[in-house]
2 protein chains.
Amino acid sequence: MSATSSPARRTGGRSAAVLAAVRSAVEELVQERGAAQVTIPMVAERAGVNPTSVYRRWGDAASMINDLATYRMSPDRPLPDTGDLRADLIDWAQEIIEHFRQPAAAAMLRGGAAAAGAGDSDCLRNRRAEATLLVERAGGGVPVDDVIDHVIAPIVYRVLFRPWSLDQADLAADLVNRLFAGR
Amino acid sequence: MSATSSPARRTGGRSAAVLAAVRSAVEELVQERGAAQVTIPMVAERAGVNPTSVYRRWGDAASMINDLATYRMSPDRPLPDTGDLRADLIDWAQEIIEHFRQPAAAAMLRGGAAAAGAGDSDCLRNRRAEATLLVERAGGGVPVDDVIDHVIAPIVYRVLFRPWSLDQADLAADLVNRLFAGR
DNA sequence: TCCCTAAAGCAAAGATCATTGCGTTTAAGT
DNA sequence: ACTTAAACGCAATGATCTTTGCTTTAGGGA
């Protein structure tokens, strides 16, 4: 027995196939029925996988959905950089709106909101970090908290409680412009 | 048989007792375990009520939580009426902030957010109705959607994701004042 | 290529949830 | 006070989810 014993996970081949099938199934079902109505036996059937495999890997439906939905909005994507803070914020807000118009993304946000009591949603922590970056790059001028309160918060509110209102034309611009009103 | 037959709902007495017991049980359990882990048999047991009664009245856990979250803040309470829209909105916002500083109220909001999924249920619809009333009484001047986006949404966001920031001094005034900036 | 074993599949048992029919209680109207 | 039926409680049933022991498959290092 060698001293360095690596457990030797098996992430390729069959395991990867199961993961892919489950991911597709979850996304479809979340979109069709809403995250709360998605069960593990349901996902397993659509994925053509044994329910036991899913139970063993994720434990319960909430963990599974949270895990699979997390990868969506990349933290490494390039941020808008036009040289104009207002334009950058509008582009950025628009990206976020588009993101949350995907039902799976909205479902994850709901899950994050429900679980936020203990551990908080890193998805939104990233948004705050991005806002900070945008603002600081422009040399300040708008408090980050104001961006959260008046751009992110309205979007999140709409995602959670009035998803249809995300389609409103010029939403991103309207929200951002209010930040600069009376300055 | 008289022509006008009123269905004669029975909202008092025993029904009211059941409602109160269920409400308390749901608030406790949502706070303890999170909305996703709350089931109807569980609620019924803690409320000392038969599960069937709960199933008959609400149908499923999500509807129940959403319903109870919606009506926690009395819809009959008097709204601020100083004659000045801005002052009224600040008072009103302050009330809402105080309300959601109660952990049980915050937990119910999380539950409402998690259960909202389908899109037909907005546990904050009463707040919207109140905003409409305040604004219309003052003869308009501020769109109701703006009140939602820039006063309610920031409060809700903070309740869900950054509860400690509800203690910020002058939060209500700051939010409302931005509504009137540049007008 | 040959082991070793992580991970998937299978099947049965147990737990929990959800529905339904029927009798009982009791609020509301006369 | 009497009547009516809305809402509740109970119990049995069916559906669905979850766990568990065992077997089979196949990834990865030697």
Side-chain angles (χ1 to χ4, degrees), chain A residues 1-26 28-30 32-68 111 114, chain B residues 1-26 28-30 32-68 71 111 114-115 117-118:
Chain A
M1 175 191 288
S2 76
T4 61
S5 62
S6 52
R9 292 254 88 78
R10 298 188 178 178
T11 57
R14 189 159 65 160
S15 291
V18 168
L19 176 59
V22 168
R23 171 171 295 166
S24 301
V26 166
E28 288 174 23
L29 287 166
V30 164
E32 290 171 18
R33 312 172 45 104
Q37 316 299 328
V38 174
T39 69
I40 285 183
M42 210 168 192
V43 167
E45 186 186 356
R46 173 139 348 170
V49 160
N50 195 288
T52 306
S53 303
V54 183
Y55 278 115
R56 288 225 161 92
R57 202 191 280 208
W58 285 281
D60 62 280
S63 306
M64 177 187 64
I65 292 172
N66 232 34
D67 182 52
L68 294 180
Chain B
M1 175 193 287
S2 77
T4 60
S5 62
S6 53
R9 292 254 90 77
R10 302 192 176 177
T11 56
R14 188 161 63 160
S15 292
V18 168
L19 176 59
V22 168
R23 187 193 302 272
S24 300
V26 167
E28 288 174 22
L29 287 166
V30 166
E32 290 171 17
R33 310 170 46 102
Q37 317 299 328
V38 173
T39 68
I40 285 183
M42 210 168 188
V43 167
E45 186 186 357
R46 174 143 343 173
V49 161
N50 195 289
T52 305
S53 302
V54 183
Y55 279 116
R56 287 225 163 89
R57 201 190 278 209
W58 284 282
D60 62 279
S63 305
M64 176 187 66
I65 290 172
N66 217 351
D67 183 56
L68 295 178
Y71 294 106

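Just so we're clear, the structure is a prediction, and the values are computed from it rather than from any experiment. So that the names make sense, note that chain A is the first sequence line, chain B the second, and so on, each numbered from 1.
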Phosphate OP1/OP2 of D:dC8 contacted by B:N50 side-chain N/O (<4.0 Å): no
Phosphate contact (C:dG9 OP1 or OP2) by A:S53 side-chain N/O below 4.0 Å: yes
Protein N or O to nucleotides 14-18 of chain C N or O, pairs below 3.5 Å:
unit_1 : atom_1 : unit_2 : atom_2 : d
C:dC17 : OP1    : B:T39  : OG1    : 2.8
C:dA18 : OP2    : B:Y55  : OH     : 2.7
C:dA18 : O5'    : B:Y55  : OH     : 3.3

Nearest-0.5 Å distance that lies between atom CD1 in B:I40 and atom OH in B:Y55: 5.0 Å
Between C:dA6 (P) and A:R56 (CZ): distance, integer Å: 13 Å
B:T52 side chain, from C-beta outward: closest of C:dA8, C:dT19, D:dT20: C:dT19
Inter-residue atom distance A:M42.CE - A:L29.CG, 0.5 Å rounding: 5.5 Å
Sugar-phosphate, base or nothing in reach of A:R57, heavy atoms under 4.0 Å: sugar-phosphate
Spatial distance of atom CG (B:D67) from atom CZ (B:R23) [nearest 0.5 Å]: 8.0 Å
Minimal non-hydrogen separation, A:A61 against A:V38, with atom names: CB-O, 3.7 Å
CD/A:E32: more than 12 non-hydrogen atoms of other groups inside 6.0 Å: yes
Heavy-atom check, side chain of B:R57 versus side chain of B:V18, under 4.5 Å: yes
